[in-house]
Amino acid sequence: MLLPDTAGVDLVRTLDSGQAFRWRWEPAGDVAAGVIGRRVVRLAVDTRGIRLLSPAGGGAGEPIRRYLGVVPRGGHPRRAEAALANDPVFSRVLPHTAGISILAQDPWEILISFIVSQNNNIPKITRSIERLARALGEPLAGGVFVFPRPERLAAARMHTLRTCSLGYRAPYVRAAARLVAGGRLDLAALARMECHAAREALLHVPGIGEKVADCVLLFGLGHHTAFPVDVCVRRAVEHLYFRGRPRRLRDIQAFARERFGPLAGYAQQHLFAYARARLRPPALPPA
DNA sequence: GGGCAGGTGTAAT
DNA sequence: ATTACACCTGCC
């Protein structure tokens with residue numbers, strides 16, 4: 001079944017854009033398998049949009065469309081791109097990045113995934129999250145596991161967490177799990193709050209700094225004004241808007257707020273993808 | 001094997 | 001107020 005409103009959404013770019021860590025591509029490269037809620041889902045690239053291969057029939061289409069960020073009230077990627085195209089700089093960016101959507105993922109899984117992401121890279125994050133799921137999550141069909149509930153992570157032995165290659169982040173993960181399991185960090189409430197207030201609350205969690213807080217806001221809590229600045233995004237902004245001159249973090253944040261407003265989250269996704277595709281790290285000085 | 005990349009917390013100025 | 005460094009893992 002072709003999912004409504006997915007025309008112009010690029011499944012590859014969306015799932016490989018560093019916002020989700022649990023999708024796997026089948027060898028042909030045009031079918032992805034992952035977990036949405038408690039369902040194992042398979043999605044296929046299609047010239048007309050995204051095709052839902054399984055579960056077939058039933059009422060899964062609606063929650064899956066919500067997850068994919070294409071229901072109108074979530075802000076649609078096509079609308080975001082149409083608006084961003086007014087920015088002359090984005091005429092250079094969009095040809096490499098068009099079709100990226102911002103997924104509406106489970107805030108709890110996002111919280112832990114991005115705590116793990118600090119000072120880390122995508123392959124290692126992916127490995128850690130997969131190991132957590134296998135070690136502590138409930139099995140679904142086909143060797144796929146749901147991401148473990150907060151109580152399971154809160155009660156896990158440190159040794160088990162270490163086994164998942166979390167390194168020094170293991171205590172952060174367990175502490176965050178205990179906050180959520182104990183009701184002292186209410187993610188649903190953060191989603192309803194104003195973005196700035198939710199950000200303040202996240203910054204009190206050990207292991208969460210500005211970058212991770214912004215990722216949780218954007219990918220898990222639906223706050224599309226958030227603009228996570230990692231090295232790629234910093235490079236892209238400096239290169240495209242400041243002639244390659246270094247800027248301070250807060251200047252980049254202020255620039256994004258002013259320039260992109262409610263589209264900041266989308267802008268960030270495009271700039272991140274652009275930097276990864278087109279910008280190399282600054283060359284080392286000659287030996 | 002040593003060097004490096006990647007955010008955050010902490011201790012230093 | 002900003003700045004320097006340690007933290008863990010995996011890849012080169």
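Only this structure's heavy atoms are used, side chains among them; waters, hydrogens and symmetry mates stay out. Labels below follow one simple rule: chain letters A, B, ... track the order of the sequence lines, proteins then strands, and each chain is numbered from 1.
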A:Y266 and A:F260 aromatic centres sub-6.0 Å: no

Between A:F90 and A:Y274, ring centroids under 6.0 Å: no

Look at all strands and tell whether [X] reaches a base, only sugar-phosphate, or nothing, counting heavy atoms closer than 4.0 Å.
{"X": "A:V205", "result": "sugar-phosphate"}
{"X": "A:I208", "result": "sugar-phosphate"}
{"X": "A:K211", "result": "sugar-phosphate"}
{"X": "A:P206", "result": "sugar-phosphate"}
{"X": "A:N120", "result": "base"}

Trace of the side-chain hydrogen bond (donor to acceptor under 3.5 Å, both in side chains) decision for A:W25 with A:D16: CA-CA 10 Å; A:W25 290 100; A:D16 290 350; 3.1 Å; yes

Rounded to whole Å, how long is the line connecting atom [atom1] of [X] with atom [atom2] of [N]?
{"X": "A:I115", "N": "C:dC8", "atom1": "CD1", "atom2": "C1'", "answer": "16 Å"}
{"X": "A:E130", "N": "C:dG10", "atom1": "CD", "atom2": "P", "answer": "15 Å"}
{"X": "A:I122", "N": "C:dT9", "atom1": "CD1", "atom2": "C1'", "answer": "16 Å"}
{"X": "A:L202", "N": "B:dT8", "atom1": "CG", "atom2": "C1'", "answer": "15 Å"}
{"X": "A:Y168", "N": "B:dT8", "atom1": "OH", "atom2": "P", "answer": "10 Å"}
{"X": "A:L161", "N": "C:dT9", "atom1": "CG", "atom2": "P", "answer": "12 Å"}
{"X": "A:D214", "N": "B:dT8", "atom1": "CG", "atom2": "C1'", "answer": "14 Å"}
{"X": "A:F272", "N": "B:dG7", "atom1": "CZ", "atom2": "C1'", "answer": "13 Å"}

Among [options], which nucleotide has an atom closest to any side-chain atom of [X]?
{"X": "A:S165", "options": "C:dC8, C:dT9, B:dT8", "answer": "C:dT9"}
{"X": "A:R169", "options": "C:dC8, B:dG7, C:dT2", "answer": "C:dC8"}
{"X": "A:R131", "options": "C:dG10, B:dT8, C:dC8", "answer": "C:dG10"}

Over 12 non-hydrogen atoms of neighbours within 6.0 angstrom of NE2 in A:H196: no

Donor-acceptor contact present, side-chain A:Q19 to main-chain A:L103, <3.5 Å: yes

Respond yes when some side-chain nitrogen or oxygen of [X] is under 4.0 Å from OP1 or OP2 of [N], and no when none is.
{"X": "A:S128", "N": "C:dT9", "value": "no"}
{"X": "A:R127", "N": "C:dC11", "value": "yes"}
{"X": "A:R234", "N": "B:dG7", "value": "no"}

Along DNA chain B (nearest heavy atom to each residue), the more 5'-positioned of A:Y172 and A:C232: A:C232

